Number of protein chains: 2
Amino acid sequence: MVETDELLSIRAAELYYEENKTQDEIGQALHLTRWKVGRLLSQAKAKGYIRIEIVHPRARRLPIERRLREERGLDDAIVVSSAGVDSADEVQVRTAQAAADYLTALRPVPRTLGVSWGRTLHLVAGHLRQGWASGVGVVQINGGVSLNRRAGTAAATAVAIAQKGAGHATLLPSPAILERIETKRAIESDRVVAGVIEQARSASAYLFSAGAADHGSVHVESGYLAASDVDELVRKGAVGDVVGRYIDPDGNIVDPALDARTVGLTLDELRNADHAIAVIAGRSKHAVADAVVRSGLCTVLVTDEETALHILDG
Amino acid sequence: MVETDELLSIRAAELYYEENKTQDEIGQALHLTRWKVGRLLSQAKAKGYIRIEIVHPRARRLPIERRLREERGLDDAIVVSSAGVDSADEVQVRTAQAAADYLTALRPVPRTLGVSWGRTLHLVAGHLRQGWASGVGVVQINGGVSLNRRAGTAAATAVAIAQKGAGHATLLPSPAILERIETKRAIESDRVVAGVIEQARSASAYLFSAGAADHGSVHVESGYLAASDVDELVRKGAVGDVVGRYIDPDGNIVDPALDARTVGLTLDELRNADHAIAVIAGRSKHAVADAVVRSGLCTVLVTDEETALHILDG
DNA sequence: GCGGTTCATGCTCAGATGAGCAGGGCGGAT
DNA sequence: ATCCGCCCTGCTCATCTGAGCATGAACCGC
């Protein structure tokens with residue numbers, strides 16, 4: 001009889017969802033009372049036979065967001081649907097869009113916003129609307145002067161965010177990673193640099209992404225690290241980087257010596273922030289995303305469905 | 001504003017379908033009246049942003065069935081869901097199951113059922129329940145004595161269907177295709193054979209499948225045709241076979257000479273039947289399935305979702 | 001400017017649905 | 001054999017939802 005009930009619940013679901021019959025009509029068709037039909041329907045839902053999906057580039061996944069908040073202790077989570085998406089780029093674009101939306105709707109509007117840089121943040125900046133805020137201060141939280149080509153994308157990101165928010169950007173005039181620790185100390189003792197970092201520390205919110213530990217990393221592309229350096233970091237357990245600092249699955253610094261040569265906010269400073277918004281999308285970043293959330297590096301996560309499910313269910 | 005409405009309808013849909021809020025609650029959350037929310041919801045449905053799928057091996061696709069009836073003039077159609085199916089075999093099993101269900105529920109119960117044979121029908125026979133009918137006559141409608149191995153599967157199918165339906169099977173003691181037309185004439189003039197064919201002609205319903213025109217065909221496997229023969233048939237436009245007779249996309253006999261050497265019901269006899277149930281599943285049979293339906297070879301089609309959509313939308 | 005048209009909005013009302021409850025059948029324990 | 005408790009069923013009632021309608025704003029051509 002349980003077998004029959006299961007079949008019946010499927011028949012009922014077909015008539016209800018695909019043929020738009022009322023439960024009463026279904027009852028007549030299957031020789032059941034309408035209450036029985038209602039129960040079969042909720043049974044079908046409970047057993048997961050009914051899958052409802054919202055297919056839209058801007059669609060979110062609220063139940064997953066809720067789980068992230070409840071099971072991972074995030075203050076907030078934005079999970080974009082990856083339904084009907086073929087390319088990894090598309091996923092990143094949707095996530096960036098969502099991050100821009102979140103930032104626009106963020107209340108209270110942060111007086112000063114600390115930002116990192118990279119491909120993802122560049123996209124976020126691009127999706128922000130002119131006038132998303134009125135007079136926001138934007139400050140870079142990690143070094144970003146490129147060593148070779150693509151110079152200025154880091155600066156451009158911060159400037160774009162500030163300009164569209166009718167504010168001004170404070171740039172951190174320093175490379176991300178220095179060759180020698182002495183140089184790093186020297187740069188940090190520079191009054192301008194020290195001032196910017198001080199300002200970064202006092203930002204009311206942070207917006208940053210994370211990089212995967214692979215050869216496609218911006219650090220390799222920008223010339224801060226060689227491909228072999230990344231291999232070495234991976235060997236030591238690195239899953240990716242946050243504001244230029246490479247971490248293992250538990251969020252610990254993988255290479256303290258390298259970390260000491262990295263300019264910008266430290267991870268602990270980030271962890272103590274009230275509003276730390278991480279924007280992380282794409283399959284290659286599943287591991288870092290997990291590390292970021294696990295180790296409390298962010299209070300708010302903006303990501304895609306697959307990454308979120310990876311974080312939740314491993 | 002239209003852009004905003006679209007976004008709103010998505011937000012509303014998320015809250016309604018993923019969070020189980022009432023339209024009223026959503027209205028409060030989004031500062032809308034509940035009527036506006038209702039309209040946004042139907043808009044989201046109309047634009048196809050809401051996708052509802054029933055995920056179950058026994059699930060059917062009623063809207064597609066309806067389209068097959070209305071747009072292709074079938075008396076009835078059974079379309080099984082191919083959601084969550086990985087293997088082609090699984091699709092065939094589901095379809096066979098559905099065909100068995102259909103046969104069991106068929107009213108009036110056919111006094112005599114004409115059946116063909118093949119892998120699909122064998123599965124159907126296997127899924128029939130003991131006692132699906134009480135006293136049904138089963139008669140083979142095309143030759144099926146195997147020339148080499150696997151002897152008897154054709155007979156076994158008919159016998160199983162009859163036995164489970166508490167009836168008896170009448171076998172057609174003849175090969176499917178003969179080498180020379182004279183032999184075919186001789187066999188057909190045999191009293192027993194002629195009697196069986198006569199009985200087949202007067203069956204009250206037919207159950208048959210179709211084969212793809214490829215080297216995996218049962219005709220090749222059984223030794224009736226060489227792989228090169230099939231290639232030649234394809235060159236002449238064959239998309240597959242029904243009761244051993246190869247047809248082109250319009251349902252016409254591809255090779256009249258070969259057809260004349262084929263023993264069993266003719267296609268026109270099948271076309272004139274009141275109840276001709278075709279069971280066709282799998283991607284490799286899309287073309288034949290289309291030909292069968294287009295040329296009116298069946299009144300009832302049992303198939304899978306993908307094949308049905310191929311028939312409907314090309 | 002003006003009349004006409006279109007369209008979105010908020011409403012009434014009836015139909016559809018879900019929550020919770022009483023009655024009764026069934027199986028197991030004593 | 002009898003009692004007890006569980007679960008399934010069909011019910012009442014309150015809530016939710018969709019259809020259809022009147023209103024008024026916006027838009028268009030004249």
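Quantities reported herein were computed from a predicted structural model and do not represent experimental measurements. Below, each value reflects all heavy atoms present in this structure, side chains not excepted, and no hydrogens, waters or symmetry copies. Labels below follow one simple rule: chain letters A, B, ... track the order of the sequence lines, proteins then strands, and each chain is numbered from 1.
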Fill in: Length of the line joining A/Lys36:NZ and D/dC7:P, which is rounded to integer Å
15 Å

Item to complete: Taking all heavy atoms of A/Asp75 and all of A/Arg69, pick out the closest pair and write down the distance.
Response: O-CD, 3.5 Å

Pairs: protein N or O with nucleotides 17-25 of chain D N or O, under 3.5 Å:
unit_1: D/dT17; atom_1: OP1; unit_2: B/Tyr16; atom_2: OH; d: 3.0
unit_1: D/dT17; atom_1: OP2; unit_2: B/Gln23; atom_2: N; d: 2.7
unit_1: D/dG18; atom_1: OP2; unit_2: B/Gln23; atom_2: NE2; d: 2.6

Discussion item. Output the rounded distance in Å from CG (A/Leu40) to C1' (D/dG10).
Written reply: 14 Å

Worksheet entry | Interatomic distance, A/His31 NE2 vs D/dT9 P [rounded to whole Å] | 16 Å

Worksheet item: Hey, is the main chain of A/Gln43 close enough, under 3.5 Å, to the side chain of A/Ser9 for a donor-acceptor pair?
Response: no

Worksheet entry | Expected output: side-chain B/Glu90 to main-chain B/Val85 donor-acceptor under 3.5 Å | no

Discussion item. Between A/Arg283 and A/Asp304, does any side-chain N to carboxylate O distance fall below 4.0 Å?
Written reply: no

Discussion item. I need the CD-P distance between B/Gln28 and D/dC16, as an integer number of Å.
Written reply: 10 Å

Item to complete: Indicate yes or no for a side-chain donor-acceptor contact from B/Glu65 to the backbone of B/Val79 under 3.5 Å, with no hydrogens or angles considered.
Response: yes

Item to complete: Indicate the atoms forming the closest heavy-atom contact of B/Ile52 with A/Ile52, along with that distance.
Response: CG1-CG1, 4.0 Å

Discussion item. Using a strict threshold of under 4.0 Å (side-chain N to carboxylate O), is an ion pair present between B/Arg11 and B/Glu14?
Written reply: yes

Practice prompt. Run through A/Val300, A/Val124, A/Leu301, A/Ile78 and flag the one making a side chain to side chain contact (heavy atoms under 4.5 Å, CB included) with A/Val279.
Written response: A/Val124

Fill in: A/Gln43 CD to D/dC7 P, straight-line distance once rounded to whole Å
14 Å

Practice prompt. Using five pairs at either end of the helix from C/dG1-D/dC30 to C/dT30-D/dA1, determine the angle between the two local helix axes and round it to 10 degrees.
Written response: 30°

